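Have a look at the structure below, then the notes.
Every heavy atom of this structure was used, including side-chain atoms; hydrogens, water molecules and symmetry mates were not. Each chain gets a letter, A, B and so on, in the order the sequences are listed, and its residues count up from 1. Values in this document were obtained by computation on a predicted structure and should not be read as measured data.
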Amino acid sequence: MGKILCVAEKPSIAKAVANHLARAQARNVNGVTYVKNYVFDYNFTRWGASNVVFTSVLGHIKQHEFGPRYTSWNSCDPSELFDAPIVNSVVDDKKAIARNIEEQARGAQALFIWTDCDREGEHIGTEIRDIALRVNPRLDVKRARFSNIERAHVINAATNPVSLDEKQANAVAARIELDLRLGAAFTRLQTLALQSMISQEHKIISYGSCQFPTLGFVVDRYFRVKNFVPETFWLLKLMHEKNNIKVNFNWKRGHLFDRMAVTIIFERCLEAKMARVTSMQKKPTSKWKPLPLTTVELQKMGSRFLRMDSQRVMKVAEDLYTKGWISYPRTETDQFDKGMDLRSLVEKQQQDASWGAFAQNLMNGQFRQPRSGRHNDQAHPPIHPVNFVVRAQLQNDEERRVYEFVVRRFLACCSEDALGESTNIEVEYGGEIFRARGLIVIQRNYLDVYPYDKWDSSQQLPRFDVGEAFAPKEVQMTDGNTTAPGYLTEPELISLMDVNGIGTDATMAEHIAKIKEREYVMTRPKGGGRAGDDGGVRSTTGSRGGRGGTGRGRGGAGSGNAAPAAGNSGIQEFIPTTLGVALIEGYDNVGLDTSLSKPFLRKEMELQMRAICAGTATRSDVVHQNLELYRAVFMRTAQQMNVLKTAIRKYIPQANG
DNA sequence: GCAAGGTC
């Protein structure tokens, strides 16, 4: 029998797949803690009956560094890093893993790669292939195409091997090279030129294609808060009492910024005296159950409801995953595969003291197939509980909170939308339309297991009939002011990063932590302070019209960003430090077409990576084109370093130099 | 002493 070497991206996949294919024996690998070799026999369609060794790596194996002549910061001008040779080598603590692959590849007939089916997975696949081919050039190299680790799906993937997608791997290679060259060049440039101004210690002033846009979002919001100018608006309110129930009607126009116009309308209403019901509609309504859980959503909910920042939530989720309680926590997928046996997962939760009864109801006929979102990373299912664990068995309260959230979210996905009845009443009064809305929740359904959503009945509205006329009990003209938006919160920051393609689900939390570590931003509990004691930034001017926003543009009052609650929510808000503001403003003032603080560059990069995958661009096209673009930005920045220094002096008056 | 991306 021939020997087939299978290699997955991580130990959990190797274990799961091996056990689906056969009763595999686990063998330890010398010098590696997590990686195991699973040994078994299997009859492949392509290779026939074979001895199989199923092992894995741990993500990327290779690292990319500048050659030794360039590693010292004073060895060269940072601009040379645009062309300096890059050396690839096996990461030190992955040497034993590489050795294992070499040993197993020597006697093998084929290499069957089982890395995740995403771009990075494709690139990791080529790393594995290169290591294996060096010791055994005659290997038949194939990869498995799979999007979850359900048995039937895995067996199908084993039966239909495909080729590695060189294009996807090339797209990643381009990203790696550009991130390294640009990150290192700009970081050295900034640090060497500005470090002595802000600190005596050797602090790094780093640039990264994800760090800077992340900082840019924080600074952008900061200036919107600072430059906010409240505007006064006027509106009409109508109140009527019927059957001893007070009904408040809202003006269909919302509010206007023109006092005279509102006054005229108001007088017209008063003259009309009588209001007339033009429409009274009762209709069934529903509140949709949540979508299956993705990483980004987990991180947002963590900040909002679990009192943990995104990095903490991910750490806890990873622990729960390694212990076997929840599925893989890094996923973009918000749809469950049709073939997945969700009922058996619900069944396991029946024994819980808090949500067990709800799970039982689902088992007794209330189960509904989850909604499907529009994302699928083709590698992992949505985050869900895989096993039941009693609370006492979990390490600490954080683990309990995250596990509970994952379970409740999952059970909510498997139940029915909440149902209610909405009532809309419209009245015409002096030519204007006023509306009252009521809601009665009829069946809470998923809400019973998912307290993170709120949907409550309003007061019962009295009965009105179309055509009915009444003299309103009260009509008022009032005014109000638009309110400033709040500082950026973590869930908002994560959303911005997500929609702008800054970082991946697995790395967004790291970028946020990084800009804190670099002291570009700081956090504090939301509502913890008023303007004036807002931490880092001491002085600002109103000169940033482009970034500023006024209430009118954003929809004015009631824009949802009203003053924060009393600071007991546990939500953190992000405020840039003087250094963070100075860097962003400094770069903006350098007068580049392509500001480094804006997310466009990263977006552009994503598009170019897709072009490589689609075959409409090549790796070297993309690398060279970007290097030329950024080389110009770099040269201009170096020339205009005084502009950056001026910005630093402006915000950090005590700066040296 | 630099980046971002995997994963433990």
Partners meeting side-chain contact (heavy atoms from CB on, under 4.5 Å) with [X] (sequence neighbours left out):
X: A/His153; value: A/Phe146, A/Ser147, A/Asn148, A/Glu150
X: A/Ala582; value: A/Ala647, A/Ile648, A/Tyr651
X: A/Thr523; value: A/Lys516, A/Gln572, A/Phe574
X: A/Lys167; value: A/Asp165

Please state how far atom [atom1] in [X] lies from atom [atom2] in [N], giving the value in whole angstrom units.
X: A/Tyr321; N: B/dT7; atom1: OH; atom2: C1'; result: 9 Å
X: A/His511; N: B/dA3; atom1: NE2; atom2: C1'; result: 9 Å
X: A/Gln311; N: B/dT7; atom1: CD; atom2: P; result: 16 Å

Reckon [X] touches a base, only the sugar-phosphate, or nothing at all at heavy-atom distances under 4.0 Å?
X: A/Tyr328; result: sugar-phosphate
X: A/His123; result: nothing
X: A/Lys315; result: nothing
X: A/Thr504; result: sugar-phosphate
X: A/Gly503; result: sugar-phosphate
X: A/Arg119; result: nothing

Checklist entry - Sequence neighbours excluded, which residues qualify as side-chain hydrogen bond (donor to acceptor under 3.5 Å, both in side chains) partners of A/Glu510? => result none
Next on the checklist: My understanding is that only residues two or more places apart in sequence, or in another chain, count here; which of them pass side-chain hydrogen bond (donor to acceptor under 3.5 Å, both in side chains) with A/Arg134?
Outcome noted: A/Glu102
In [range], which residues come under 4.0 Å of DNA chain B by heavy atom?
range: residues 607-618 of chain A; answer: none
range: residues 9-21 of chain A; answer: A/Glu9, A/Lys10, A/Pro11
range: residues 171-189 of chain A; answer: A/Arg175, A/Ile176, A/Asp179, A/Leu180, A/Gly183, A/Ala184, A/Thr187, A/Arg188

Next on the checklist: Both A/Lys94 and A/Asn74 contact DNA chain B. Taking the nearest nucleotide for each, which residue is further toward the 5' end?
Outcome noted: A/Asn74
Item to check | Nearest-nucleotide comparison on DNA chain B, the residue closer to the 5′ end among A/Tyr70 and A/Val57 | outcome: A/Tyr70
Checklist entry - Where the side chain of A/His60 is defined as all heavy atoms beyond and including C-beta, which of B/dC8, B/dA3, B/dG6 is the nearest nucleotide? => result B/dG6
Checklist entry - Ring centroid separation for A/Phe54 and A/Trp114, is it under 6.0 angstrom? => result yes
Checklist entry - Taking only residues at least two apart or on different chains, which pairs with a member in residues 177-196 of chain A satisfy ring pair (Phe, Tyr, Trp, His ring centres under 6.0 Å)? => result A/Phe186-A/Tyr207, A/Phe186-A/Phe634
Please table the atom pairs, donor to acceptor, closer than 3.5 Å between any side-chain atom in residues 26-36 of chain A and protein atoms at least two apart or in another chain.
residue : atom : partner : partner atom : Å
A/Asn28 : OD1  : A/Lys36 : NZ           : 3.3

Checklist outcome for this item: By salt bridge (Lys or Arg N to Asp or Glu O under 4.0 Å), A/Arg145 pairs with (sequence neighbours left out) none
Next on the checklist: Is it the case that atom NZ in A/Lys15 sees more than 12 heavy atoms from other parts of the structure closer than 6.0 Å?
Outcome noted: no
